[in-house]
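Atoms within each ligand, like the ligands themselves, are counted from 1 in listed order.
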Amino acid sequence: MTDSINLEAADSDRVLYTYFRSSAAYRVRIALNLKGLNYCAVPVHLVRGGGQQHQPEYRAVNPVGLVPSYRENGRTIRQSLAIIEYLDECHSEPPLLPDTPFARAQVRELALSIACEIHPLNNPRVLKYLEREIHTDEAARLAWMRHWMKVGLEGLETLLADRGSSGRFCHGDQPTIADCCLVPQLFNARRFEVDLSNCPRLLAIAAACNALAPFQDAHPSRQPDAET
Ligand SMILES: N[C@@H](CCC(=O)N[C@@H](CS)C(=O)NCC(=O)O)C(=O)O
């Protein structure tokens, strides 16, 4: 049996269904903070009792059973990047995408590399499948996670070095959607002790981001549902 989920706060204008350690929700928290938008966080515990994301109450919000989901004035958007781009379109300052089509494509390229290629391989449901259906042990699952994070992040490191358009942040000197994705992914990588010695540029960008209050306030340890 899963613990019952309390979705009561969902009556506020802006609601983020979140989990403190979810890197996809962390991306959206950063974007909301960068835009200076208040929101109500509704925690969805991804682990307790098998995961509240599977409960019918949450499935009614997000039939795919993943966080984040974002509700604004009664309308719901799922998928962190769709949410962030929506926020960026509705609230132009500060912009989270650069102002030329090519530069926007470059930023999206980085964000999608993380969101589509690195992150999904390390999702709880994938790890659960590896455990229950493929019968892998914990060490093999840890090696899997470390491998895919390392390969993906080292690829991004090379991409940024070749590109020459990164500055203090992934693109120039203002945080973009790419930084909203990078910081949570590096948080995850550190949590699982991925070897990041070949990623000095990514680490420097993350340090620049983490010096800013919107990134600090989005950190998992600062969330209402944070656990140690
Ligand atoms: N592509 C989705 C990914 C969402 C996602 O995978 N969320 C994870 C947490 S970071 C989740 O809810 N996992 C639940 C599970 O695997 O059962 C997005 O960017 O919003």
Side-chain angles (χ1 to χ4, degrees), residues 1-3 5 7 14-32 39 41-72 75-88 96-97 107-134 136 138 141-142 144-145 148-149 152-153 156 176-192 194 218-227:
M1 277 293 284
T2 49
D3 291 12
I5 181 169
L7 301 182
R14 269 187 219 108
V15 176
L16 182 67
Y17 297 88
T18 177
Y19 177 59
F20 74 112
R21 267 197 199 118
S22 156
S23 56
Y26 188 177
R27 294 171 199 153
V28 177
R29 297 196 300 258
I30 295 169
L32 284 160
Y39 64 95
V42 175
V44 178
H45 204 293
L46 296 187
V47 181
R48 192 183 297 145
Q52 293 180 326
Q53 71 274 32
H54 304 302
Q55 292 193 3
E57 293 89 337
Y58 186 65
R59 290 288 174 143
V61 175
N62 186 337
V64 180
L66 297 172
V67 298
S69 300
Y70 175 72
R71 201 153 100 207
E72 192 180 278
R75 298 192 301 183
T76 307
I77 310 172
R78 299 103 191 154
Q79 287 293 342
S80 59
L81 289 178
I83 299 165
I84 294 172
E85 290 221 16
Y86 169 79
L87 295 173
D88 200 40
L96 299 180
L97 281 168
V107 166
R108 289 190 177 112
E109 180 185 348
L110 297 171
L112 291 169
S113 294
I114 294 170
C116 299
E117 285 155 13
I118 302 176
H119 170 268
L121 290 165
N122 303 304
N123 222 347
R125 63 183 183 175
V126 171
L127 299 171
K128 221 177 260 180
Y129 190 86
L130 286 173
E131 178 184 358
R132 294 185 186 164
E133 306 297 328
I134 315 281
T136 54
E138 206 181 326
R141 292 195 298 281
L142 190 56
W144 162 284
M145 281 198 288
W148 292 117
M149 281 196 245
L153 290 168
L156 285 186
T176 62
I177 285 174
D179 301 290
C180 294
C181 291
L182 178 65
V183 165
Q185 192 57 60
L186 285 178
F187 168 82
N188 255 1
R190 287 202 175 99
R191 183 173 161 226
F192 292 103
V194 175
H219 192 274
S221 63
R222 296 223 184 156
Q223 302 316 301
D225 58 330
E227 294 165 16

With the side chain counted from C-beta on, respond yes when F187 and H219 share a heavy-atom pair under 4.5 Å apart, and no when they do not.
-> yes
How far is atom 8 (C) of ligand 1 from its nearest protein heavy atom, and which residue and atom is that?
-> N123 OD1, 3.2 Å
Quick one: which ligand 1 atoms are inside 4.0 Å of a heavy atom on H119?
-> 3 (C), 5 (C), 6 (O), 10 (S)
Parallel under 30°, tilted from 30 to 60°, perpendicular over 60°: which one fits the rings of Y17 and Y58?
-> tilted
Could you give me the CA-CA distance, side-chain angles and deciding distance for F192 and N122, then say whether side chain to side chain contact (heavy atoms under 4.5 Å, CB included) is met?
-> CA-CA 11 Å; F192 292 103; N122 303 304; over 6 Å; no
Relative to the heavy atoms of R27, which atoms of ligand 1 are at a distance of less than 4.0 Å?
-> 19 (O)
Could you say whether the N/O atoms of Q79 and ligand 1 ever approach to under 3.5 Å?
-> yes
Decide whether an N or O pair under 3.5 Å exists between H54 and ligand 1.
-> no
Quick one: look up the protein heavy atom nearest atom 9 (C) of ligand 1 and list residue, atom name and how far away it is.
-> S22 OG, 3.5 Å
R21: what forms a side chain to side chain donor-acceptor pair (under 3.5 Å) with it, not counting sequence neighbours?
-> none
Any V28 side-chain heavy atom under 4.5 Å of I84 side chain = yes
Going through the checks in order, is the side chain to side chain contact (heavy atoms under 4.5 Å, CB included) test met by V42 and S69?
-> CA-CA 10 Å; V42 175; S69 300; over 6 Å; no
Protein residue, atom and distance nearest to atom 16 (O) of ligand 1, heavy-atom basis | R125 N, 2.8 Å
Numbered atoms of ligand 1 (with element) below 4.0 Å of S23, judged on heavy atoms = 10 (S)
Write out the residue and atom name of the closest protein heavy atom to atom 19 (O) of ligand 1, then the distance separating them to 0.1 Å.
-> S80 OG, 2.6 Å
Is there side-chain contact between L16 and R29, with heavy atoms separated by less than 4.5 Å?
-> yes
Check the angle between the aromatic planes of Y86 and Y70 and answer parallel, tilted or perpendicular using the 30° and 60° thresholds.
-> tilted
Are any of the N/O atoms in V67 less than 3.5 Å from those in ligand 1?
-> yes
In terms of atom number and element, which parts of ligand 1 are under 4.0 angstrom from non-hydrogen atoms of P68?
-> 20 (O)
Contact (N/O only, under 3.5 Å) between Q53 and ligand 1 | yes
